[in-house]
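Read through the structure below, which is laid out as structure tokens, and then see the notes.
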Amino acid sequence: MSGDHGHKDSKIDSGSRVNDSHKHKDKHKDKEHKHKDHKKDREREKSKYINSEHKEFSEKKHRDKDKVKHKDGSLERHKDKHKEKEKRKEEKSKSLTFDEKPKKEKENGFASPPHIKTETEDGFYQSPKHEKSLKREHDDDDYEFRPKKIKVENEKKAKKRKQEEEDIKSKKKTKDKKGDDVDGKKRAKKEPEEKWKWWEEERYTDGSKWKFLEHKGPVFAPPYEPLPSNVKFYYDGKYMKLSPQAEEVATFFAKMLDHEYTTKEIFRQNFFKDWRKEMTPEEKSKITDLNKCDFTEMSEYFKAQTEARKQMSKEEKQKIKEENERILQEYGFCVMDNHRERIGNFRIEPPGLFRGRGDHPKMGMLKRRIRPEDIIINCSKDSKHPKPPPGTKWKEIRHDNKVTWLASWTENIQGSIKYIMLNPSSRIKGEKDWQKYETARRLKKCVDRIRAQYRDDWKSKEMRIRQRALCLSYTGLLHLQLALRAGNEKEEGETADTVGCCSLRVEHIKLYPELNGQEFVVEFDFLGKDSIRYYNTIPVEKRVFKNLQLFLENKQPEDDLFDRLNTSILNKHLQELMDGLTAKVFRTYNASITLQQQLKELTCPEDNIPAKILSYNRANRAVAILCNHQRAPPKTFEKSMQNLQSKIDAKKDQLAEARRELKSAKADAKVRKDEKTKKAVETKKKAVQRIEEQLMKLEVQATDREENKQIALGTSKLNYLDPRISVAWCKKWNVTIEKIYNKTQREKFAWAIDMADQDFEF
DNA sequence: TCGGGTACTTAGTAATCCGGAT
DNA sequence: ATCCGGATTACTAAGTACCCGA
């Protein structure tokens, strides 16, 4: 097995997509040039100060992380679209070209996080490419694959690979990692097939994603059930019977009445506009003011329904559960190349009101009901095609094995396409994931080269090269150090105003020649993906600072910071530096390398298991902070902390009591010296120990939770951390994998769990 | 080069599940 | 048996990346 997945399958067969003659024309092109002076009264304030030296996490740092509330409103953007566009065009035409080959000399020292150096020094695994990739070769990298153990497996694999088209059921596996048993039993019934180790098999080299694909199509949202007649809607205080269509849309609003969304003006406007489209002419003429609409009875009705659902008897609940399970078994799986694979989202999104995140101009719009006529089915020709519901037709059936989706439709809010795809545990997702980490590992090997190069180019007399280096230095700064997202352009007025690296505007950074005793400090403050605030201050080299100053010159706050840079230019350039390198690889690389480094640093060999896990979580946390993965502090957070604290207090009392007992038992034993009392002493001693352990466990838990208040670990764990690092760590310290990954995660990372041994190095 | 389109990953939150405490 | 709260799962929005044709 080689990790040397060619990373651009999609490129291989460009243009060969079947049937791309289908245009989806229902795109929303009616963007009235609305004013975008929408107030940025962002609902999110959960921003957090991110320490610039995120690399070194000490526990203290976690505890006294300052929180900076988002006092905002300052980032208003008043743009004249036309002017803006023209300006852009003009600037783009002067755009830089990065046509030169990178130089090779090194001169390190760009404010690089220390760990990176360390990492690059160990040149593990010289083992040169055994098994070259099936796809294009990469200029250099020996993809050190994992040492011996894996090599053995490679042989196994070699044998297997012939069977390719046949049903390959790898007999013999089931080295159950303890704890899997439970799952094992459960699924054994449903899945006679033993766990398939796709990672021991050959990948497609022709750009196809599968040879055979059969599924039953998606599950549609249940049809609308009109309200009982006693649930009434009032307009201007008077009862009014709504037509079914209008009523349905009204219920969407009624269901959200408790949510603060419904108080927002944009939401209300959008909703009302779309609602009116569903009304009969009479309704339309009557209902002209949303403020006069009274949805409370509907709202009450739905609340009662929810309540009733909760109160259902066990049997009823069981029945529902079984029904769901049945649907899952029927529609939740497909057959792809001889294997039954779980589908990720087999249900069509039900109609409702669009809930954008942050300050979204389209919040409240009606998300329409999707019908079979909207659905494109993708499956293989020779499969049993899914049947549309009686009396309906699919929009189209195609057989495109260059893509991974099973069904798709065009959504009416943004006009984008939605897909039904496989679960992360599937081969097709897993391979991609694995490949992603291999690309990041290749970056690790040349990151020093990249850094050295742009530093060198910087000094170049030649303007062109210098400019290229500047672009790169932002890469160095923004991607390597800060792990920012790339920052694609977005259509204004279509989405919330958020930015990433390339789309940063002048108003998003501040330069301080001196701040808190540090020289040349850059402050970042902007809203990123999902309108999560990113705030960070970081000292930079003088040269970088000066260049940034230059960039800010003669610009308005709402101008682009990097006016000649966009993700496409950036990625094109990165591609030249390393095959498969794109902006997002830096995030993956950064996250994984940080985890590995933090684990090394934080894990104490003599710690017990809970303490080790705390260390793991802290390492994970370091990454989450780096990547700015935040969450709203759970509503119940304070209370749950209190509960935990009282548990700890109780435990402490218990411990004191146990100690007293032990003492008296000892005294007793001294006097009496018989077997019985001796035994009693032993028992008491054990009790004390046990309680001490429990106490310590609770305290660790409290620390962990406190530190986690507004940081979400899940996202990085699932998307950025090479699972093999975690697996290796578990093996090294004898921590069972279940402590780190839950069942779903174990399924997703089955490949890593199976293949990584404790020596794995990212 | 630009806009449009497509495919796929990454993201936070809401809903639901489930197990332990009462 | 029920209730509570944390853990898990479901959901779907919001990103990245890259292709294509004019």
Side-chain angles (χ1 to χ4, degrees), chain A residues 7-11 13-17 20 22-25 27 29 44 46 85 88-89 92-93 95 209 259 306 309-311 314 317 321 324 344-350 352 354-358 360 362-363 367 400 402-405 408 410-411 413-419 421-424 428-429 432-433 436 485-491 494-496 498-503 528-532 566-572 574-575 582-585 587-588 627-632 634-637 639-640 643-644 647 701 705 712 714-716 718-720 742-745:
Chain A
H7 26 272
K8 282 184 293 170
D9 305 23
S10 47
K11 269 196 177 169
D13 274 68
S14 55
S16 62
R17 199 177 298 116
D20 45 358
H22 307 275
K23 302 266 143 85
H24 313 290
K25 271 290 100 116
K27 182 108 188 184
K29 284 286 89 147
R44 280 159 202 271
K46 31 165 147 176
K85 264 202 181 141
R88 281 218 181 114
K89 226 178 256 173
K92 296 271 154 68
S93 62
S95 201
K209 306 290 170 67
H259 203 288
T306 316
R309 225 171 304 132
K310 264 194 243 161
Q311 299 304 324
K314 244 206 241 134
K317 281 184 180 166
K321 223 174 141 186
N324 280 336
N345 57 327
F346 57 92
R347 288 174 201 275
I348 300 285
E349 297 174 16
F354 176 74
R355 304 150 83 116
R357 306 195 184 149
H360 199 117
K362 299 198 169 186
M363 63 169 82
K367 212 170 90 162
D400 181 357
K402 299 291 190 285
V403 298
T404 67
W405 52 269
S408 74
T410 302
E411 155 267 352
I413 303 289
Q414 327 262 3
S416 62
I417 306 171
K418 300 256 184 168
Y419 300 93
M421 290 182 184
L422 296 194
N423 194 64
I428 211 151
K429 295 287 185 192
K432 206 70 186 303
D433 206 37
K436 172 181 79 187
R485 293 188 186 84
N488 281 332
E489 277 120 294
K490 313 167 57 176
E491 247 183 300
E494 298 285 297
T495 60
T498 62
V499 296
C501 177
C502 294
S503 51
K529 182 174 179 181
D530 293 315
S531 294
I532 297 286
N566 61 33
T567 52
S568 156
I569 296 172
L570 177 63
N571 281 338
K572 226 168 266 163
L574 293 176
Q575 195 64 236
T582 61
K584 84 186 189 102
V585 179
R587 246 167 107 76
T588 311
C627 294
N628 203 36
H629 290 142
Q630 301 190 31
R631 62 167 185 174
K635 288 177 219 74
T636 54
F637 187 82
K639 197 164 73 174
S640 89
N643 287 349
L644 198 52
K647 258 195 206 166
Q701 200 188 346
R705 193 179 297 173
T715 306
S716 49
L718 233 45
N719 300 302
Y720 289 104
N742 68 29
K743 179 164 163 273
T744 318
Q745 295 167 154

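Reminder, nothing fancy here: chain letters follow the sequence lines and each chain counts from 1.
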What nitrogen or oxygen pairs link the protein and nucleotides 16-22 of chain B at under 3.5 Å?
unit_1	atom_1	unit_2	atom_2	d
B/dC18	OP2	A/Lys321	NZ	3.2

Contact letters for nucleotides 12-17 of chain C, in which S counts primed atoms plus P, OP1 and OP2 and B counts the base, heavy atoms under 4.0 Å: BSBSBB

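For the pair A/Met421 CE and C/dC11 C1', the computed distance is 15 Å after rounding to whole Å. A/Ile413 has its CD1 atom 16 Å from the C1' atom of C/dC11, to the nearest Å. Taking atom NZ of A/Lys635 as the reference point, atom P of C/dG6 lies 12 Å away to the nearest angstrom. To the nearest angstrom, C1' of B/dA7 lies 8 Å from NZ of A/Lys432. When rounded to the nearest whole Å, the span between CD of A/Gln575 and C1' of C/dC19 equals 14 Å. With rounding to whole Å, A/Gln630 atom CD is found 12 Å from B/dA11 atom C1'. The nearest whole Å value for the distance from the CD1 atom in A/Ile417 to the C1' atom in B/dT9 is 16 Å. Look at CD on A/Gln701: it is 7 Å from P on C/dA7, rounded to the nearest Å.
Annotation: side chain to side chain donor-acceptor pair (under 3.5 Å) contacts of A/Arg347 (sequence neighbours excluded): none. Looking at residues two or more places apart in sequence or on another chain, you find no side chain to side chain donor-acceptor pair (under 3.5 Å) involving A/Thr404. For A/Tyr720, the ring pair (Phe, Tyr, Trp, His ring centres under 6.0 Å) partners at least two apart in sequence or on another chain are A/His629. Contacts of A/Lys429 classified as side chain to side chain donor-acceptor pair (under 3.5 Å), with partners at least two apart in sequence or in another chain: none. For A/Pro350, the side chain to side chain contact (heavy atoms under 4.5 Å, CB included) test picks out A/Ala221, with sequence neighbours left out. By the side chain to side chain donor-acceptor pair (under 3.5 Å) test, A/Asp433 is found to be paired with A/Lys436, residues two or more places apart in sequence or in another chain being considered. Listed by chain and number, the residues in a side chain to side chain contact (heavy atoms under 4.5 Å, CB included) with A/Thr306 are A/Arg309 (sequence neighbours excluded).
Across every non-hydrogen atom of A/Ala583 and A/Leu574, the tightest pair is N-CD1, 3.6 Å. Residues A/Ser531 and A/Ala496 come closest through the heavy atom pair OG-CB, 3.8 Å.
Put simply, A/Asn719 has no side-chain N or O that comes within less than 4.0 Å of OP1 or OP2 on B/dT9. The phosphate of B/dC8 (OP1 or OP2) has a side-chain N or O of A/Lys209 nearer than 4.0 angstrom. Phosphate contact (OP1/OP2 of B/dA11, side-chain N/O of A/Arg587, threshold under 4.0 Å): present. Neither OP1 nor OP2 of B/dT10 sits under 4.0 Å from any side-chain N or O of A/His629.
With B/dA14, B/dT6, B/dT10 as the candidates, the nucleotide lying closest to the side chain of A/Tyr419 is B/dT6. The side chain of A/Tyr720 lies closest to B/dA11 when the candidates are B/dA7, B/dA11, B/dT13. Of the candidate nucleotides C/dG6, B/dA7, B/dC8, B/dA7 has the atom lying nearest to any side-chain atom of A/Asp400.
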Residue pair A/Leu718, A/Gln745: steps toward the side-chain contact (heavy atoms from CB on, under 4.5 Å) verdict: CA-CA 7 Å; A/Leu718 233 45; A/Gln745 295 167 154; 3.8 Å; yes

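Residue A/Ser568 is out of contact with every strand shown, counting any heavy-atom pair closer than 4.0 Å.
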